[in-house]
Amino acid sequence: MDGSACSSLALPQFCLGDGSSLDSGVSFGSRRPVVIFESGVGGLTVAKHILKLMPNTDLLYVADNLWFPYGSKPGSAIARRVKLLFDELRLLVNPQAIVVACNTASVAISNAGSAAEKGDCIRISPPVVEAAHLSLSKKIVILATSSTLENSAIKDAIAAERQHAAVWPIASQIMVGLAEMKLAGGQVEVYKLAELVSKHLSDEERKSVDTVLLGCTHFPHLVEELRQVFPAALNWVDPAYHVALELQARIEHQTSHTERPARLAAFTSVEGVREYSQVFLDNGFNQTKLSYKQHRAMVMME
Ligand code: DGL
């Protein structure tokens with residue numbers, strides 16, 4: 001999901017799938033949604049758990065597809081971008097919480113003093129230590145973007161675990177692209193993933209891995225294919241469920257209302273969004289004002 005801005009203004013704009021802007025005619029009223037933030041479709045792997053645990057919560061999925069991909073950009077630039085977007089979202093929809101469903105953005109804003117965080121953020125990040133503890137063979141692969149793996153806290157955690165385990169960090173932007181392509185209806189060839197992995201591990205090492213840490217929210221979309229690449233892996237570590245639990249603990253008392261909850265997806269660029277409309281619909285998110293209004297009309301009739 002990549003494209004041009006719905007406006008050339010420096011201030012971020014949030015558009016719906018039909019190009020209309022989020023703030024014209026679409027509102028959550030006095031209700032405060034939870035924002036699920038990502039660069040593309042990766043956050044849907046987190047949204048899935050949130051939808052299951054908190055079916056009554058109003059959700060606004062925001063994909064910064066104008067800036068996609070995040071993984072090849074430096075953390076400092078991402079932190080500045082995310083601050084701009086979050087400040088605007090806070091003004092627009094006054095969210096109860098912002099779930100940072102992108103490891104790359106999350107580690108970028110975790111550095112002390114990041115202005116993007118205002119106490120309303122719940123951040124996903126790769127649980128390196130937990131993954132290492134789960135591994136019996138002490139053979140661990142960490143899949144993430146290069147920006148995430150260049151983060152100093154992540155680097156330090158990997159270095160510490162390397163004292164008693166074999167840890168292979170694999171940075172792959174190509175895998176992010178493959179996940180986007182798969183969700184847009186394309187087919188992922190397992191040999192392509194195997195080729196990527198073979199640049200980091202010998203065949204023997206690959207077959208000895210018992211723990212794979214999915215340190216990018218796009219990668220759970222590829223887990224079927226990845227299982228074939230790491231046939232001995234028993235632990236597939238995905239922190240998404242814990243993020244949903246953390247959110248539930250934070251907002252539980254505010255989620256009960258009798259109307260059907262609002263679910264909307266917004267983007268920072270309209271280009272390329274249409275091909276994903278079915279994906280968002282299939283995952284419970286309306287993408288246009290019309291579908292949102294129809295959804296609300298159905299609510300009124302119920
Ligand atoms: N899904 C994002 C993550 O969890 C990365 C995607 C991108 O590179 O934009 O890190």
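We count ligands from 1, going down the list as the structure has it; atoms in each ligand are counted the same way.
Atoms of ligand 1 lying under 4.0 Å from any heavy atom of His218, numbered from 1 in the order shown and given with element: 1 (N), 2 (C), 6 (C). Under a 4.0 Å criterion applied to the non-hydrogen atoms of Asn103, ligand 1 contributes the atoms 3 (C), 4 (O), 10 (O). Close approach of ligand 1 to Ser39 is summarised as follows: ligand atoms under 4.0 Å from at least one heavy atom of the residue are 6 (C), 7 (C), 9 (O). Atoms of ligand 1 lying under 4.0 Å from at least one heavy atom of Gln173, given by number and element, are 7 (C), 8 (O). For ligand 1, the atoms lying closer than 4.0 Å to a non-hydrogen atom of Gly71 are 7 (C), 8 (O), 9 (O). Interface of Thr145 with ligand 1, defined as ligand atoms under 4.0 Å from a residue heavy atom, comprises 5 (C), 8 (O), 10 (O). Each of the atoms 9 (O) of ligand 1 lies under 4.0 Å from some heavy atom of Phe68. Close approach of ligand 1 to Thr104 is summarised as follows: ligand atoms under 4.0 Å from at least one heavy atom of the residue are 3 (C), 5 (C), 10 (O).
Between Lys182 and the options Gln187, His218, Glu225, a side-chain hydrogen bond (donor to acceptor under 3.5 Å, both in side chains) holds for only Glu225.
Close N/O approach between Tyr70 and ligand 1 is found [any backbone or side-chain N/O within under 3.5 Å].
Residues Phe68 and Thr268 are not in side-chain contact: their nearest non-hydrogen atoms beyond the backbone lie 4.5 Å or more apart. No side-chain heavy atom of Asn283 sits under 4.5 Å from any side-chain heavy atom of Leu51.
Using modelled atom types, one side-chain atom of Ser146 and one backbone atom of Gly71 make a donor-acceptor pair closer than 3.5 Å.
Side chains of Asp64 and Ser39: a donor-acceptor N/O pair is absent below 3.5 angstrom, by distance only.
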Working for side-chain contact (heavy atoms from CB on, under 4.5 Å), residues Leu201 and Ile170
CA-CA 9 Å; Leu201 287 85; Ile170 301 182; 3.6 Å; yes
Apply side-chain contact (heavy atoms from CB on, under 4.5 Å) to the pair Val100 and Phe86, showing each step before the final yes or no.
CA-CA 10 Å; Val100 188; Phe86 286 10; 3.9 Å; yes
Evaluation steps, side-chain contact (heavy atoms from CB on, under 4.5 Å), between Glu205 and Lys139
CA-CA 8 Å; Glu205 287 168 337; Lys139 305 265 164 54; over 6 Å; no
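Looking only at protein heavy atoms, the nearest one to atom 2 (C) of ligand 1 is Glu38 OE2, 3.1 Å.
Remark: distances from the non-hydrogen atoms of Cys102 to ligand 1 include one below 4.0 Å.
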